Amino acid sequence: MTTAAPPRARRAETEHGWWEAVAPPIAPALAPHVVSYYGFAESTAAVERRRELPIGAVVMIVGFGPRLDVRYPHLPGRDLRARSFLAGLHDTWCVVESPRSQACIQVNLTPLGAQRLLGTAMHELTNRVVALADLLGPDADRLEERLGTARDWPERFAVLEQTLARRLTDAAPAAPDVAWALERLRAEGGRTPVAALCETVGCSRRHLERRFRDHVGLSPKSYARVLRFERATGRLGRGDGALWHDRSAVAERGRWGALAVECGYFDQAHMNRDFRALAGLSPGELTSAAAPPDGAPAG
């Protein structure tokens, strides 16, 4: 299986080194299970530290370079050092430190795509990062090795797609009730009341929360909160769970109230509280925070 079109690539030289990011179209067989994936490599003169923000996807990093350090300054005992890992859904932030060079592919999985890929209860991964080998077994080591010896990015993506497709083909089907509820939450940007979801599905709030706990990792209310936050950070030029830099978004600073309403918050105070909880910063502080060079994702 190969991608349908050549991947889009960006490369830039900076005062501290260089970076490149390569984003292919999603292979059709993976589209129901994967939000996006991209390859990233960089060489810098210093250690890079990035504040990673919650998104509505499960993030899998497959590295074929040095190990990365994932740190939770506010959650003791959850730090991890690994080349490849998977991060379950989060409703808080963490910091990723990378050495002077790195190379990896990041896969953003839908919650149900991750559940099918792993075959595990997703609440066990909530607000945690786990070494990929502990979840995928020998497949993780083989994937790392094959990506590291591949000739170029197209070959790496072909290897990745083959591995994911094989595991997903053998997986149990997704839970239809949870799939429907997730789709409605995403389609409405987290605005749908949980009571409305329960009424349509025909179940109690407690039942739906149990289903989400096993298949998603967050409750419907918490997942909706993350979706609102993801929309807001996207409007501020901070996408994909990392601090992307978009100077044109600075204009948003003067209209926080309008942004809050647009993204489904009750008011600006509601948005500020969620930013403090999920990012550890206010919207203004997040907009002003240091970020990677223009266009470079935090891998």
Side-chain angles (χ1 to χ4, degrees), residues 3 6-25 35-55 57 59-73 79-87 93-108 129 131-132 140 143-160 233-234 236-250 279-281 285-299:
T3 52
R8 304 184 308 277
R10 295 189 64 184
R11 181 183 174 94
E13 303 290 332
T14 72
E15 60 178 330
H16 301 298
W18 59 267
W19 62 264
E20 66 176 357
V22 185
V35 178
S36 62
Y37 42 82
Y38 63 83
F40 182 71
E42 70 176 346
S43 177
T44 65
V47 172
E48 293 284 340
R49 294 179 178 86
R50 299 178 174 95
R51 183 180 298 244
E52 301 288 349
L53 309 178
I55 60 174
V59 175
M60 183 173 76
I61 300 292
V62 186
F64 43 99
R67 298 178 187 276
L68 302 173
D69 288 303
V70 184
R71 305 188 187 281
Y72 291 84
D79 296 354
L80 178 74
R81 188 179 193 194
R83 181 175 292 108
S84 300
F85 55 85
L86 184 138
W93 56 279
C94 65
V95 174
V96 174
E97 297 182 0
S98 60
R100 292 176 175 83
S101 64
Q102 68 160 294
C104 67
I105 289 180
Q106 175 168 326
V107 184
N108 296 327
V129 287
L132 199 59
L143 187 55
E144 275 189 13
E145 182 179 357
R146 293 182 67 190
L147 294 184
T149 58
R151 294 168 298 179
D152 52 26
W153 286 112
E155 183 176 335
R156 293 185 187 109
F157 289 125
V159 168
L160 173 78
T233 55
L236 294 174
R238 309 304 175 109
D240 205 24
L243 296 188
W244 297 60
H245 192 44
D246 180 357
R247 291 187 176 91
S248 66
V250 174
L281 298 170
E285 290 168 339
L286 185 61
T287 304
S288 302
D294 288 355

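Note that the coordinates shown come from a computational prediction; the quantities given were computed from them, not determined experimentally.
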N/O donor-acceptor pair under 3.5 Å between Ser84 side chain and Gly63 backbone:
yes
Give the minimum heavy-atom separation between Trp18 and Ala41, together with the two atoms involved.
CZ3-O, 3.7 Å
Exceeds 12 heavy-atom contacts within 6.0 angstrom, atom CD of Glu155:
yes
Please tell me if the side chains of Pro66 and Ser98 come closer than 4.5 Å, counting only heavy atoms from C-beta onward.
no
Please check if the side chain of Glu285 supplies one atom and the backbone of Leu281 the other of a donor-acceptor pair under 3.5 Å.
no
Which of these passes side chain to side chain contact (heavy atoms under 4.5 Å, CB included) with Ile105: Leu143, Leu147, Val22?
Leu147
Could you give me the CA-CA distance, side-chain angles and deciding distance for Glu42 and Arg50, then say whether salt bridge (charged side-chain N to carboxylate O under 4.0 Å, His left out) is met?
CA-CA 14 Å; Glu42 70 176 346; Arg50 299 178 174 95; 3.1 Å; yes
Would you name the heavy atoms of Phe157 and Pro24 that are closest together and state the gap between them?
CZ-CD, 3.5 Å
Is Arg83 reaching over with its side chain to a backbone N or O of Phe64, donor-acceptor style, under 3.5 angstrom?
no
Distance-minimising heavy-atom pair for Phe40 and Ala21
CD1-CB, 4.2 Å
Where the side chain of Arg51 meets the backbone of Ala279, is there a donor-acceptor pair that is under 3.5 Å apart?
yes
Heavy-atom check, side chain of Leu68 versus side chain of Pro99, under 4.5 Å:
yes
Rounded to the nearest 0.5 Å, how far does OH of Tyr37 lie from CD of Gln106?
13.5 Å
Take Leu286 and Leu53 through the test side-chain contact (heavy atoms from CB on, under 4.5 Å) and record every step on the way to the result.
CA-CA 10 Å; Leu286 185 61; Leu53 309 178; 4.0 Å; yes
Shortest non-hydrogen contact from Leu236 toward Thr287
CD1-OG1, 3.9 Å
Non-hydrogen atoms of Thr44 and Ala46 that approach each other most closely
OG1-O, 2.7 Å
Could you check whether any side-chain N or O of Asp79 sits under 3.5 Å from a backbone N or O of Tyr72, counting only pairs where one atom can act as donor and the other as acceptor?
yes
Arg100 side, atom CZ; His16 side, atom NE2 - distance, nearest 0.5 Å
12.5 Å
Val159/Arg156 under side-chain contact (heavy atoms from CB on, under 4.5 Å): CA gap, chis, key distance, verdict:
CA-CA 5 Å; Val159 168; Arg156 293 185 187 109; 5.7 Å; no
Mind checking the OG-CD spacing from Ser43 to Glu13? Nearest 0.5 Å is all I need.
9.5 Å
Specify the closest pair of heavy atoms between Trp19 and Arg10, including all atoms of both residues, with the distance to one decimal.
CZ3-O, 3.7 Å
